[in-house]
Amino acid sequence: MKVLGIETSCDETAAAVVGEDATILSNLVFSQLDEHRPYGGVVPEIAARSHLDRLDGLIRGALAEAKLGFTDLDGIAATAGPGLIGGVFVGVMTAKAMAAARGLPFIAVNHLEGHALTARLTGELAFPFLLLLVSGGHCQLAVVEGVGAYRHLGGTIDDAVGECFDKTAKLLDLGYPGGPAVEAAARGGDPARFGLPRPMMGRATLDFSFSGLKTAVRHKVAALAAPLAERDVRDMAASFQAAVADVLAERCERALVHFQDSHGQAGPLVVAGGVAANAFLRARLEAVAKAAGTEMIAPPPKLCTDNAAMIAWAGLERLRLGLTDDFGFAPRPRWPLEEVRGP
Ligand code: KG4
Ligand code: ZN
């Protein structure tokens with residue numbers, strides 16, 4: 001079984017082919033970074049037009065690299081939400097048109113399910129598992145019972161973690177995108193210099209809040225002499241990252257206890273989404289999982305950030321369970337993981 005996957009929900013245009021034995025036959029990602037950089041963030045209209053310009057070439061490239069033609073495929077999957085709707089439409093319409101022309105099944109993939117199932121593409125991983133999904137638009141804890149079977153445990157009540165990284169980078173003049181830049185700047189910085197808050201920590205819920213942390217960074221930066229000295233930038237990045245790590249670690253500790261109570265097993269803890277590419281956070285969550293008697297599993301960094309291999313893989317997982325979609329499927333700008341259909 002081989003599935004072509006398409007990803008166009010944000011600022012990456014991507015196409016990939018994966019095989020049933022969890023092999024990635026091709027995985028092409030075109031980042032629109034340069035097009036959005038002048039605006040300091042993703043401009044939805046520019047993103048949608050850019051997807052339209054590039055997607056067909058990427059699909060051709062992904063098939064060529066996999067040495068496959070349309071007749072070798074068993075299905076075509078595309079991100080059908082959540083995301084910037086103009087871009088999602090481009091991917092979904094392209095997938096539907098190809099599926100219709102070639103008589104192939106179409107699979108509407110939830111972008112979050114793509115992130116959630118990636119660890120099953122990159123290694124042996126059975127259901128159930130505890131999922132921490134941390135990306136530019138999302139931050140949530142869920143129990144993953146199977147394909148299309150997600151139970152929400154908690155989520156952010158305001159900003160997503162990735163967004164917070166991006167805002168912090170902007171305040172520190174580190175450019176866009178912020179996550180990798182903050183991680184690099186934090187190396188060698190003093191994580192204790194700026195006493196930043198750890199919102200919601202210690203509360204008996206599994207929810208998150210990051211807006212207070214973001215505001216605290218803004219106030220502390222404003223109180224420093226401008227332009228910021230390199231030392232200030234490093235210390236602020238390290239202080240910010242340490243605050244995020246403390247919050248995520250404490251929430252995961254709590255969630256692992258909950259998972260143990262409900263499932264009679266310690267874990268594993270799967271960390272997914274763009275922020276999971278952060279080595280400092282990975283190391284911290286690995287320690288948390290180890291202390292709880294289980295392991296932390298995160299895809300290689302390249303497959304944490306948006307890509308189409310994860311969409312092709314989620315499509316393949318769905319296809320083999322008979323979960324295909326008809327051409328009437330309407331793209332969804334909002335589509336919580338818990339509403340994904342299962343077998
Ligand atoms: O999953 P993703 O590629 O797109 C969404 O679905 O949102 O996640 C993008 C987010 C951005 O906010 C980016 O700054 C963040 O992931 N990110 C990181 C790192 N790499 C990407 N955050 C922290 N450390 C990183 N190394
Ligand atoms: Zn994503």
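Each ligand, and each atom within it, is numbered from 1 in the order the structure gives.
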Looking at D53, D11, T13, which hits side chain to side chain donor-acceptor pair (under 3.5 Å) with Q32?
-> T13

Close approach of G137 to ligand 1, heavy atoms, under 4.0 angstrom | yes

Under 3.5 Å, N or O to N or O, is G136 touching ligand 1 that way?
-> yes

Which is it for D74 and K2 under the salt bridge (charged side-chain N to carboxylate O under 4.0 Å, His left out) test, yes or no, and what are the steps along the way?
-> CA-CA 5 Å; D74 298 279; K2 294 180 190 69; 5.7 Å; no

So which heavy atom in the protein is nearest atom 6 (O) of ligand 1, and how far is it from that ligand atom?
-> H111 NE2, 3.1 Å

Short N/O/S contact of C10 with the Zn ion (ligand 2) (below 2.8 Å) = no

What part of H138, side chain from CB on, backbone N/CA/C/O, both or neither, has a heavy atom under 4.0 Å from ligand 1?
-> neither

Look at the N, O or S atoms of H111, main chain and side chain alike, and state whether any lies under 2.8 Å from the Zn ion (ligand 2).
-> yes

Are any of the N or O atoms of P177 closer than 3.5 Å to those of ligand 1?
-> no

Are any of the N/O atoms in G274 less than 3.5 Å from those in ligand 1?
-> yes

re atom 26 (N) of ligand 1, the protein heavy-atom contact at minimum distance is E183 OE1, 2.8 Å

Does the N or O separation between T305 and ligand 1 drop below 3.5 Å for any pair?
-> no

For the Zn ion (ligand 2), find the closest N/O/S atom on D306 and give its atom name.
-> OD1

for atom 13 (C) of ligand 1, nearest protein heavy atom and its distance come out as D166 OD1, 3.8 Å

Could you tell me which atoms of ligand 1, counted from 1 in the order shown, lie closer than 4.0 angstrom to a heavy atom of G162?
-> 12 (O)

